[in-house]
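This report concerns only the one structure given below.
As the structure is a computational prediction, the values presented were derived from the model and not from experiment. Every heavy atom of this structure was used, including side-chain atoms; hydrogens, water molecules and symmetry mates were not.
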Amino acid sequence: RTDKAWEIFSEMMQMGISPDVFTFNKVIQAFCTEGKLEEASALLPRMEQMCCKPDVFTYNVIINGLCKRRQMEEAGRHFHEMLNRGLIPSHITYNTLIDGYCKSGNLEQAFEIRDRMRGQGLVPNLVTYNSLINGLCKSARMEEAKGLLTEMPREKLVPDNATYSILIDGYSRLGDIRGALELHGEMVRKGFAISVFTYSVLLNGLCKEGRMRAAEEILKEMMGKALVPNKIVYNTLIDGYSRLENTEAALRVHQEMGRRGIIPDVITYNALMKGLCRGHKIQEAVELLKEMYGMGLVPDTVTYNTLIDGHAKIGNIQEGFRLLEEMQ
RNA sequence: CUAAUCCUAAUUGAGCCGA
């Protein structure tokens, strides 16, 4: 809501209340999260003339906005700009850049930033490790990822739920369910407080492999620890059953989530429709479209693509085109 | 208010590219 933020910001200036660094940082952050990075950068000179110099937070926010949009060259420029201004980058500055480079697939540069961080006397922390491990996992470099995990205790760092879920997800996406389950077993053995989030990652891995029996077991284990499944957990299971065209089971999970008072979202319905379409139960899928509307949910591109694809696959091109028009 | 604002992990479609 940059519009609103900007409005209030202007209003406070009109009232003669001068903004401070904090105020500016918030406005800049708002622009960044909306992807209006030009506007965000344009505020730097303005804040200087109005009240104050940009601080490390200011730069972190901007660099993060650029990293999130994979504009790494520009992020690097801002990083150097902050150095030129005599500002000392923090852990967060470095972590932000490391994550950005990892997500852009430039692991080399990510590690270089880590070294630079060390050179400045800053010790890589948990987020640094998690970001790098994530980068390695996404590049299918599991050995090195695991290597970083084992290196953590030497740095007096304790892996957290993010660390484990990153690795479990990494193994899962490479089809290495054993590796994923092994890590899970390690957490259980250690008596680690596994979160619902982490469970959902493992469940997703099992579901993608069609291991629904195992998934149900893990779900039981989770609930046995008094953890409450959330929407994502249910959506994941529905997707798993849908991939196997087990529409009965998918619908059963859908009902179960309703019984537990969890409101389905667009993803829930998209996953259900996928199963029905694959099982050639297109009519039922279309029924769900109505049900969605009834719940105040707005079908998205995925919804329509699923249905159009379903119709196309059974040769009902005409209905496919009708849906195409309906979505426009 | 202010030990305030900034960093890391999960769920849905089709197509394209690649093997």
Partners passing side-chain hydrogen bond (donor to acceptor under 3.5 Å, both in side chains) against [X] (at least two apart in sequence or in another chain):
X        : answer
A:Tyr129 : A:Glu151, A:Glu155
A:Ser200 : none
A:Gln120 : A:Tyr94
A:Thr58  : A:Asn25, A:Asp55

Inspect the surroundings of CD in A:Glu38 and state if more than 12 heavy atoms from other residues, nucleotides or ligands are less than 6.0 Å away.
no
Rounded to the nearest angstrom, tell me the gap between atom [atom1] in [X] and atom [atom2] in [N].
X        : N     : atom1 : atom2 : answer
A:Phe192 : B:A9  : CZ    : C1'   : 12 Å
A:Leu149 : B:A9  : CG    : C1'   : 14 Å
A:Met142 : B:A9  : CE    : C1'   : 13 Å
A:Glu209 : B:U11 : CD    : C1'   : 16 Å
A:Tyr129 : B:A9  : OH    : P     : 18 Å
A:Leu323 : B:A14 : CG    : C1'   : 14 Å
A:Asp160 : B:C7  : CG    : C1'   : 13 Å
A:Asn125 : B:A9  : CG    : P     : 14 Å

Salt bridge check, A:Arg77 against A:Glu81: does any charged N sit closer than 4.0 Å to a carboxylate O?
no
For a quick check of understanding: with a heavy-atom distance under 4.0 Å over all strands, which category does [X] fall into, base, sugar-phosphate or nothing?
X        : answer
A:Lys138 : nothing
A:Ser200 : base
A:Lys313 : nothing
A:Val201 : sugar-phosphate

Selection: [range], any non-hydrogen atom under 4.0 Å of RNA chain B:
range                       : result
residues 242-270 of chain A : A:Arg243, A:Ile267, A:Asn270
residues 271-279 of chain A : A:Ala271, A:Lys274
residues 164-190 of chain A : A:Ser165, A:Ile166, A:Arg173

Does the pair A:Thr96 and A:Asn64 meet the rule for a side chain to side chain donor-acceptor pair (under 3.5 Å), with working shown?
CA-CA 6 Å; A:Thr96 304; A:Asn64 183 242; 4.6 Å; no
Are any side-chain N or O atoms of [X] and backbone N or O atoms of [Y], one a donor and one an acceptor, separated by less than 3.5 Å?
X        : Y        : answer
A:Asn95  : A:Val127 : no
A:Thr128 : A:Asn125 : yes
A:Lys274 : A:Arg243 : no
A:Ser242 : A:Ala271 : yes

Looking at A:Glu284, A:Lys281, A:Arg278, which hits side-chain hydrogen bond (donor to acceptor under 3.5 Å, both in side chains) with A:Thr247?
A:Lys281
Between A:Glu182 and A:Arg189, what is the shortest heavy-atom contact and its length?
O-NH2, 4.3 Å
When rounded to the nearest Å, what value does the distance between P atoms of B:U5 and B:C1 take?
13 Å
If you measure from the C1' atom in B:C6 to the same atom in B:U2, how many Å do you get, rounded?
16 Å
Does A:Lys208 put a side-chain nitrogen or oxygen below 4.0 Å from OP1 or OP2 of B:A10?
no
Got a list of protein N/O to nucleotides 17-19 of chain B N/O distances below 3.5 Å?
none

Do A:Tyr171 and A:His184 have side chains that approach each other closer than 4.5 Å (heavy atoms only, starting at C-beta)?
no
Which residues satisfy the ring-ring contact (aromatic ring centres under 6.0 Å, His included) test with A:Phe321, sequence neighbours excluded?
none
Quick note, ring pair (Phe, Tyr, Trp, His ring centres under 6.0 Å) partners involving residues 17-67 of chain A, not counting sequence neighbours, are A:Trp6-A:Phe31, A:Phe9-A:Phe24
Tell me, which pairs form a ring pair (Phe, Tyr, Trp, His ring centres under 6.0 Å) where one or both residues lie in residues 262-306 of chain A, sequence neighbours left out?
A:His254-A:Tyr269
What protein N or O atoms touch nucleotides 3-6 of chain B N or O atoms at under 3.5 angstrom, if any, and at what distances?
unit_1, atom_1, unit_2, atom_2, d
B:U5, O3', A:Lys26, NZ, 3.4
B:U5, O2', A:Lys26, NZ, 2.9
B:U5, O2', A:Gln29, OE1, 3.3
B:U5, O2, A:Asn25, ND2, 3.2
B:C6, O2, A:Asn60, ND2, 2.3

A:Asn134 side chain, from C-beta outward: closest of B:A9, B:C7, B:A10
B:A9
